[in-house]
Structures are given as C-alpha cells and as structure tokens.
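Only this structure's heavy atoms are used, side chains among them; waters, hydrogens and symmetry mates stay out. Order of the sequence lines fixes the chain letters, A, B, ..., with proteins taken first and strands second; residue numbering starts at 1 for each chain.
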Number of protein chains: 2
Amino acid sequence: MDKRITIRDIARRAGVSVATVSNVINGVNKASDGTKKLVLQTIKEMGYQPNLTARSLSINRSQMIGVLLPIDESTTASLLLRDNPFYGEFISGVEYQGMMSGYDVLISGFRPGQSCREWILKRDLDGIVFVGNYTDAVSSDAKEFGSQLVLVDSYDEGLEKHHSVNIDDVQGGYAAAKHLLDLGHKNIAIAASNILVDGAIYRRFCGYKDALSEKGISVRNDFIFQDSLSFDGGYRIGLRILENIGQISAVFAVADIMAFGIMKAFYENGKQIPRDLSIVGFDDIKTCEYVIPPLTSVHQPVYEKGITAVNILIDAIKNPDIPKRNVLFPLKLTERGSTMNFCERRLFSGACL
Amino acid sequence: MDKRITIRDIARRAGVSVATVSNVINGVNKASDGTKKLVLQTIKEMGYQPNLTARSLSINRSQMIGVLLPIDESTTASLLLRDNPFYGEFISGVEYQGMMSGYDVLISGFRPGQSCREWILKRDLDGIVFVGNYTDAVSSDAKEFGSQLVLVDSYDEGLEKHHSVNIDDVQGGYAAAKHLLDLGHKNIAIAASNILVDGAIYRRFCGYKDALSEKGISVRNDFIFQDSLSFDGGYRIGLRILENIGQISAVFAVADIMAFGIMKAFYENGKQIPRDLSIVGFDDIKTCEYVIPPLTSVHQPVYEKGITAVNILIDAIKNPDIPKRNVLFPLKLTERGSTMNFCERRLFSGACL
DNA sequence: ACGGAAATGTTAAACGGTTAACGAACATAT
DNA sequence: ATATGTTCGTTAACCGTTTAACATTTCCGT
C-alpha cells in the first residue's frame, strides 16, 4: 500500500527535472553521462517503475495488442477457446512473441453485435489480431483509429486489403487425398461440415477434389458426408459410412475431431481401423498421437501462426505504411497408423483388385 | 485516422461542462433528467467512447486483471498453455467472467526471475490470478501495491494468507482408487510423476493410499510407478506394468495424458483395455471421450475454476478487507469404458478368485 | 417573503508521464 | 570579440479523464 513512486520523486531525489528523467528513461540523448548515471542509480535505488498508463495517455500508444477470438455461437457464453485446444496454442504463440517485442497481450472473445472499435478505443490498443471469420465492420473499425489489424484464419474475404495469416487449406486437402490415393485407394469419402458455409472447409474440399480429378476420379456426391464439425458429427458420419462399407475404403475428415468420431463408430461396430477404413484427419492436434491407432493427419502450425501474426502486427504498428502481407502456411501430412495400403488391407479378406 | 472524440467534444456540443458529462457517464446523480438525456444523446450521436487509459490514470484503477501462467521450464520460451489444453479452458473461464464484470484480461507467462511487481505497477493492474506453484515473492509483490491476488492450483503453501482456488486432489485420488476397489480390484498400481516434488500429485497419491488402507490394503512400493507427467512417461510406465501383468489388474494414472501412454503400451503389446488392465485417469480432458475405449477419469472443473478465481478476485478488488477465501472444488469420477469389474474380466481367462 | 436545503452545474487541480520550445554554458571558428 | 553551434537542461503545456470544492438556481416550509 506504499505510495507509488513517480517520475517526480526520482527527479526530486536526483536533483534534476522530470524532463531529464524522462529523457534518460527513453534513451533520448540529452543528458551528460554523469547525470544519466545518477538518474539510473536513483531509479534503481527507489525501485521505480514507469507507469505505462500515464505514458499511453501521453504518447497515444499503449504498447498493448489485443487478440479477438471467436465465440462459441451456441452458448455465446464461452469462448471456443474453452473446447478447442487450438486457441490456447495460438494464444501461447501470440503471448510469447508479444512479450519478446515488449507488448502486453489482452484477450477477449469477439461477441456478436459488438464492435471492436469500442475495445480499441477504450484501451488505446496499438493493434489487434483477429481470429476467425472477419466481418467488414472489424476492419473499418480498426482502420478508423490508426490501429493495425492482422486477420487469422479468414482467408476468403478482402485478403488483399489486410495483413493476414492463413494455412493453405487447398493444399492440405490435396495432401490428404493424395496420400490416400498413393496408398491405392480409389473410393475416398470426405467427412466435413457444410461445405458451402465455411470457407476453410470448402477449400479443403477443393484440394480433395483436385487430387481425385488428377487421377481421373470424379467426386461422387454420395461420398460427401456433411454434419457438425464435432466428435458427434463424426460419429454419425461414421455410422453412415458403415452402411456403405463395401464401397468406401478410405475417408478424409476435414477435422481431427470428426475423425475420432468416425473411429469410434467403427470400433463400436466391430470394425477396425485401418483394416476396414483408412482415415486421415486435419489439424494434427496432440490427441492424434494418443488415439489407437494414432491418426494420420494434416499438420497445421498453430503456434507459429500466433508468432507470425504478432510479428506482422508489430511491423505494421511501427510502420503503418508497409504493404499488406498475406502469409499462407504450407501444410504437411503426418503419417501415422490410421491409414494403410489398399492392397495390403485386402490381404485380410481376399485378393487385391 | 479521425481525430479522437473526447469528453470535451461532447461537453462542447452539448453545451455543458466536462464534469457534467463525466458525471452522467458515471451515473453520479448530479444532472437533471433533461441534461442527462441531452448528454447521452450527444454521446451516441458522436460515437464517443470514454478512454479507459485516461480514466485509469485518474482514478488509479485500471479495470484490468492479469493472468499469470506457468512457463514450460524446459523451453522457457513457450507457455505450458501451448501444450496443455487445460490452460486454454481455464483462460476461457477467466475471460468470460472478466468480461461479465467489466474487466479486461491481460495474459502473460510468469517467467522465472521476473517479478510480477513490475507488471502490476506498469499497468496498474487491479488484481492478478496466479496459476501454478506460487513463490512468496509473488504475494509480497502484489500486496505491496494494493493489487489483489488469487492463487490457483497451489494448494500447499501459505493457503490461509491468500485467496485461492484449488481442487481436492486427495479426494480425487481417493475416488479413483475407490472406484477400482469397488470393481473388485485389489492390486492397484499408481502411475505418477515424482510424488515428492509436486504437491498436487502427492495429494492424489495420498487419496489413493487412503482408499486402499480403508480396505486394509497397504501400498506396495513396487506398485508406485514414477516417470514424467506426459504421454511418453505413461508409455514407459505401461511397459513396466506389462512386466508385472500377472500381479497388477488396475492402475490409477494421476493425469489422463499418462493413462493414454499406458493404453498405447498395452495395445502395442497385444493386450486389451480394460480386459487386461483397468485404468482410471485424472483431469477428464476432452480426449478421454475420443480414445478407445473412452477413459474413466476424475473430472476437474477447469472452466469453473477460472470463473471462480475471477469472482473472488473482483470481490477482493471491490472490498480489499474481505476475509481470505479458499475454495476447494470437490471432484467426481466419470465412469467410462476403461475400467471393468475384476471378476468379469476373469471370465475371459478363468474363474473369479 | 425569507432562510435553508436540495438540485444542478461549473471550475480547476490532480493522475504520471512526454515533448516542443526555450535557455544557459561552453567550445570553436572567423 | 563576435558569431555559431553543441551540449545539457528546464519550463510548461498537454494527453483524457475524475472529483473536491465551490456557485447558482429551485423548492419548500413557515
């Protein structure tokens, strides 16, 4: 409960003006070495910490950046952060890089109907990292006040107009399907959420389609399974695939979590992965290594995305006129035990076609 | 890039003094209904947002709270947040409750050698939620500046002196072992990290011991397996258990992630869960539902811990003199498919002893 | 009609920094 | 000796709020 020590206390004790103390702190070269030493010494002795709130007010910059996370629409209450390990990992990257660059990180859910203008303005945020599907409102909000903006995971819209960090979903989808094709599979289903709603999912689908058509295979409508992007959604799709078990030998699930649901459905019905179905997931969350068999999945660099977003943001804060940067992370498939060669699989039940 | 609108602009436009505008904003009842309406109207028209930085400076409170997260000691670089879904879930609770109470949330890793005094001082933080093993330095830092402190997951030390939120590890460990005992198991191993190092783990062990001795069973030293608190650690323990497969029929893993490692070791060696080994985990992370069989686990309310911590913190901020509160969440076991009755299991291989 | 309280405002000094503008002291060049 | 420039500092205004202290008007009881 001590009285807070201010720059004036330092000035008084050191016998100089507050301006001089301020200059020393900020490295403005306007003090003799002697004075500098004296001031620094005094600061140390008194355990003085400059107050960033006051500084913010004065220089109109806060040295804080914000992360806006999507909300779980179903509850409006909790962040997706709660249920999806992704966001924690992402924030970790943001926090680390922010800290390294001297910025503090504020987090918040971006609740519908809310404007980020409010948030930026209230706290004088120097910039924000916006995760998820961005709305035009967001960008105009940011621009209006000299705050910088980096979009993450919202590839589609207005990409050129903003800084952005994305993963190459098309290529990822392609890699997934390609892997299955290389294993000799021809009848490859896809498990997804509504393909037309979510841009990222649609792009993964496109990659899948590309890989197939490269081999002269066209996508069969009845091989496109759509349900909610969740374990339960995957489970339901798993049951539907089981009905077509003779025709489908492999499936590309556009999210790991759906893949787990499919695996569950299969096990419950006495089928085995990968003997009865090869599965490749997408995201490569830690759980992929824990399940049995471990899930082959398209790896996405979540932590690195956080780091990169902050790097771009801070560059932009320091120099608002740099051209927009749009980073697209290439994706690589991590092969594990949930996929196997189509022919070898046939060895269990007969000859290879 | 517009000029920011300040309280003076509002005052000018509405033809009143800034003090009046301020009063209206803060609900101080010093203005006539007419004036109030006028001011509010003007605020809306001009899209004015009070600047919290300036307010902070003025009232010496920031309406911000901080969350200090433990760092992964191995890297010092990244947060544990990166690898452990826990923290994301926890932060989600903190963010939600903070938002509901009008506080913004700042997050940071608590890096060794750092003092939180600096952080509190710099940003005028009203309070902080400290997660993990706390050091005395933290508390004196906080106290010194009227900042409030809530300790999370650091049951042991100086509990009475601070607000705290913890889970009842002893009871959780007890519940885990009890469940296995109730299923008829007698030779129950425990998989843990070094029992003497981490207080929480030690308490879980104590609960396990209590349950056993209640049944007249004493803990066998060769049934205590210790390794790193990770999937790999669990895997190694799994291999060691396999060597004693005749003797051990069940295991309590003090963290889900270790349980998954054990399961993996068993499957790789052609053994089946729960037929050859009943397993109960601890934490009940989402993954428990995804693995096959789904893991029986002691559920811990991570999100609620976040909510509760913030509630206590804000109470303490508003009234610094309230007595210290120490919340201890009771734990409940969630039964799933990784455990089975000892006798039924014997049906596979012979008679029930 | 008068005094005092209540209601409604205003003024101006904080809060803890930054920084433009100014100035003194001293060295150097002419 | 004078002009010119550096070096080292100070003064004071400002950032956008809050709030104590004061001022004016209105209301009410007697």
Side-chain angles (χ1 to χ4, degrees), chain A residues 2-40 42-43 46-64 118 120-126 145-146, chain B residues 2-40 42-43 46-64 118 120-126 145-146:
Chain A
D2 302 3
K3 183 86 195 66
R4 129 163 258 146
I5 296 159
T6 75
I7 197 172
R8 280 172 236 275
D9 297 324
I10 302 295
R12 193 172 318 120
R13 173 94 96 99
V16 298
S17 71
V18 293
T20 298
V21 177
S22 175
N23 284 332
V24 169
I25 291 172
N26 296 299
V28 177
N29 202 23
K30 269 198 162 191
S32 67
D33 287 353
T35 317
K36 225 177 283 184
K37 217 136 264 171
L38 173 63
V39 170
L40 258 16
T42 313
I43 288 177
M46 306 188 69
Y48 166 70
Q49 262 297 324
N51 180 315
L52 293 195
T53 304
R55 188 205 303 253
S56 292
L57 184 59
S58 189
I59 68 179
N60 207 35
R61 271 178 295 116
S62 61
Q63 292 280 318
M64 289 196 296
E118 191 188 328
I120 295 175
L121 235 42
K122 269 187 349 195
R123 295 276 182 207
D124 263 343
L125 260 25
D126 292 345
F145 301 95
Chain B
D2 303 2
K3 184 84 195 67
R4 128 163 259 147
I5 295 159
T6 75
I7 197 173
R8 277 174 242 276
D9 298 324
I10 303 296
R12 193 171 317 122
R13 174 95 96 98
V16 298
S17 72
V18 294
T20 297
V21 177
S22 175
N23 284 332
V24 168
I25 292 172
N26 296 300
V28 176
N29 202 23
K30 271 198 161 190
S32 67
D33 287 354
T35 316
K36 226 176 284 186
K37 218 136 261 170
L38 173 62
V39 169
L40 257 18
T42 313
I43 288 178
M46 304 188 70
Y48 165 70
Q49 261 300 321
N51 181 317
L52 293 196
T53 303
R55 188 203 304 251
S56 294
L57 185 59
S58 189
I59 68 179
N60 208 34
R61 271 177 296 116
S62 61
Q63 293 279 319
M64 290 195 296
E118 193 187 329
I120 296 175
L121 236 43
K122 269 186 350 192
R123 295 278 181 206
D124 263 342
L125 260 27
D126 293 345
F145 302 96

Any side-chain donor near an acceptor of the partner, B/Asn29 and B/Lys36, under 3.5 Å: yes
In 5'-to-3' order, the base (B), backbone-only (S) or no-contact (-) status of each nucleotide in nucleotides 4-16 of chain D, using a 4.0 angstrom heavy-atom cut-off, is ----BBBB---BB
Check whether any side-chain heavy atom of A/Arg55 sits under 4.5 Å from a side-chain heavy atom of A/Asn26, and report yes or no. yes
Figure out the CG/P separation between B/Asp124 and D/dT18, and round it to whole Å. 15 Å
Contact check, side chains of B/Arg13 and B/Ile5, non-hydrogen atoms, under 4.5 Å: no
I need the CG-P distance between B/Leu121 and C/dC15, as an integer number of Å. 16 Å
Rounded to the nearest Å, what distance is computed from the CG atom of residue A/Leu52 to the C1' atom of nucleotide C/dG17? 10 Å
Please examine the side chains of B/Ile43 and B/Ile25, heavy atoms only from C-beta on, and report whether any two atoms are closer than 4.5 Å. yes
Taking side chain as C-beta onward, heavy atoms only, is B/Arg123 less than 4.5 Å from A/Gln63? yes
